[in-house]
Amino acid sequence: MTIRVWDYLAEYEKEREDVLDAVGTVFRSGRLVMGDSVRGFEEEFAAYHGIAHCVGVDNGTNAIKLGLQALGIGPGDEVITVSNTAAPTIVAIDSVGARPVFVDVRAEDYLMDTAQVEAAVTARTRALLPVHLYGQCVDMRPLREIADRHGLRVLEDCAQAHGARHHGALAGTMSDAAAFSFYPTKVLGAYGDGGATITADAGVAENLRRLRYYGMEERYYVVRTPAHNSRLDEVHAEILRRKLGRLDTYIADRRAVAQRYADGLADTGLELPRVTAGNDHVYYVYVVRHSRRDDIIERMRAHGVELNISYPWPVHTMVGFAHLGYGKGDFPVTEKLAGEIFSLPMYPSLPIGLQEKTIGALREVLSTL
């Protein structure tokens, strides 16, 4: 039996009746697109964050893309972000015609090094896009100060941080707008693609609603271009409504897995996740670090344990982003981490026995390096 990095089957069996009831609720509603389930989820997700507006979209990439457009970011603008993120973050910036400008990350928590941000601001800079990576938040206080000084917008990428807190504030509530993904692996995941952008700004929310629906204000009448067809599906929205009520339980279960790993691997020489002061980590993934990462992954495979790397290639080194003009050596911390980090199996329904097997196999592998 292979222990997978992520698996939804045990969770599905536990929640099967509720999931199928959600599907039936939509199919019986008489409205399959932009109906009560989408509206209900938007209201409830906004309420969870204590924020006025949530606009559901079809995936996390478009949540970022439409968020940038709704904030007025477009061709010729620069957006400061990081290279150790999933490529969709940068695809979204690129797709609105803006230029991603990278800063390095901190070795201790793998998050944006906010001390480097102000030096990267130019006359073309229009936005900051911090990525709350792996389940904890970037230090938002200095970013907000920089944004205020330079008149910049801030869009949080919260794809990996549902329910995470920074000095008590929920991820997504410390900026002009915030983008979420509901890809199935996420802390709050749908049974397919989905996303949302939240904001306290009524004008930004109005722009978002137009942008996701062909730029229409009224049916068939377009008032803004370019726009998109980026609607959150009714079935996914209804399932997400049910799962939203269990989000805090999912987070507690993830933290329990993380604590078991921390206890079982504390004396192995493996560099374990560090929680930054002021952060409440939700452990979207449990990322560890070792100089012999590739050997460990290969040997763990022989033990039937699947590991993952998030992410093996910094975005600035990818051929698809060569037009940005960056090269190897430009962001040394990001590049070093990409060669050493890997993640252990992590999901709320991961059985304790499989956690213990993972710990035992990893301890054995590490002892023979």
Side-chain angles (χ1 to χ4, degrees), residues 1-11 13-14 84-86 105-111 132-136 160-161 163-164 184-187 189 249-277 279-314 332-369:
M1 175 186 178
T2 298
I3 302 175
R4 297 179 179 177
V5 168
W6 175 79
D7 195 306
Y8 72 94
L9 293 175
E11 179 182 292
E13 286 305 317
K14 182 179 180 181
N84 73 326
T85 182
V105 298
R106 306 191 307 185
E108 60 267 28
D109 58 13
Y110 318 149
L111 298 171
H132 299 321
L133 199 66
Y134 304 148
Q136 67 174 331
Q160 301 187 8
T185 62
K186 303 303 183 184
V187 179
T249 299
Y250 296 149
I251 291 171
D253 291 343
R254 286 176 177 273
R255 286 174 175 155
V257 176
Q259 188 61 56
R260 192 164 287 110
Y261 282 149
D263 292 342
L265 298 168
D267 60 346
T268 60
L270 194 65
E271 187 165 333
L272 304 179
R274 301 185 200 178
V275 181
T276 303
N279 273 349
D280 294 327
H281 206 310
V282 297
Y283 296 100
Y284 166 59
V285 284
Y286 191 85
V287 176
V288 297
R289 182 179 174 189
H290 198 282
S291 60
R292 295 187 62 183
R293 186 264 313 279
D294 295 344
D295 289 339
I296 293 170
I297 290 176
E298 184 63 30
R299 296 187 193 192
M300 288 292 283
R301 190 176 294 118
H303 284 270
V305 181
E306 181 184 273
L307 305 176
N308 190 48
I309 306 170
S310 301
Y311 302 93
W313 300 285
V333 178
T334 292
E335 292 169 33
K336 183 173 177 57
L337 291 174
E340 297 181 352
I341 57 173
F342 61 101
S343 53
L344 309 186
M346 170 58 76
Y347 49 94
S349 58
L350 180 64
I352 291 176
L354 298 188
Q355 296 171 45
E356 291 174 344
K357 181 178 178 182
T358 298
I359 291 167
L362 191 48
R363 291 185 66 89
E364 180 179 334
V365 168
L366 291 166
S367 70
T368 62
L369 289 177

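Remember, it's a predicted structure, so these values are computed and weren't measured experimentally.
With sequence neighbours left out, H281 forms a ring pair (Phe, Tyr, Trp, His ring centres under 6.0 Å) with Y283. Under the rule for a salt bridge (charged side-chain N to carboxylate O under 4.0 Å, His left out), the partners of E108 that lie at least two apart in sequence or sit in another chain are R106. For T358, the side chain to side chain donor-acceptor pair (under 3.5 Å) test picks out no residue, with sequence neighbours left out. Under the salt bridge (charged side-chain N to carboxylate O under 4.0 Å, His left out) criterion, R274 pairs with E271, not counting sequence neighbours. Evaluation of the side chain to side chain donor-acceptor pair (under 3.5 Å) rule for D294 yields no partner, not counting sequence neighbours. Residues passing the side chain to side chain donor-acceptor pair (under 3.5 Å) test with T268: none are found, sequence neighbours excluded. With sequence neighbours left out, the side chain to side chain contact (heavy atoms under 4.5 Å, CB included) criterion links S291 to E340. T368 meets the side chain to side chain donor-acceptor pair (under 3.5 Å) test with R299; sequence neighbours excluded. Annotation: side chain to side chain contact (heavy atoms under 4.5 Å, CB included) contacts of A107 (sequence neighbours excluded): R289, V333.
In terms of modelled atom types and a separation under 3.5 Å, the side chain of R293 and the main chain of V288 share no donor-acceptor contact.
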Assess the residue pair R301 and E298 against the criterion (salt bridge (charged side-chain N to carboxylate O under 4.0 Å, His left out)); give the C-alpha distance rounded to whole Å, side-chain angles, the decisive distance to 0.1 Å, and a yes or no.
CA-CA 5 Å; R301 190 176 294 118; E298 184 63 30; 2.6 Å; yes
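Sorted by first and then second residue, the pairs that involve residues 348-369 and meet salt bridge (charged side-chain N to carboxylate O under 4.0 Å, His left out), not counting sequence neighbours, are D267-R363. Here ring pair (Phe, Tyr, Trp, His ring centres under 6.0 Å) pairs that include residues 252-273, with residues two or more places apart or in two chains, are Y261-Y286.
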Do any side-chain atoms of residues 305-314 form donor-acceptor pairs under 3.5 angstrom with protein atoms, and if so which ones, sequence neighbours left out?
from: E306; atom 1: OE2; to: V5; atom 2: N; distance (Å): 3.1
from: N308; atom 1: ND2; to: S310; atom 2: OG; distance (Å): 3.2
from: Y311; atom 1: OH; to: Q160; atom 2: NE2; distance (Å): 2.8

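A donor atom on one side chain and an acceptor atom on the other are not found under 3.5 Å apart for Y347 and T185.
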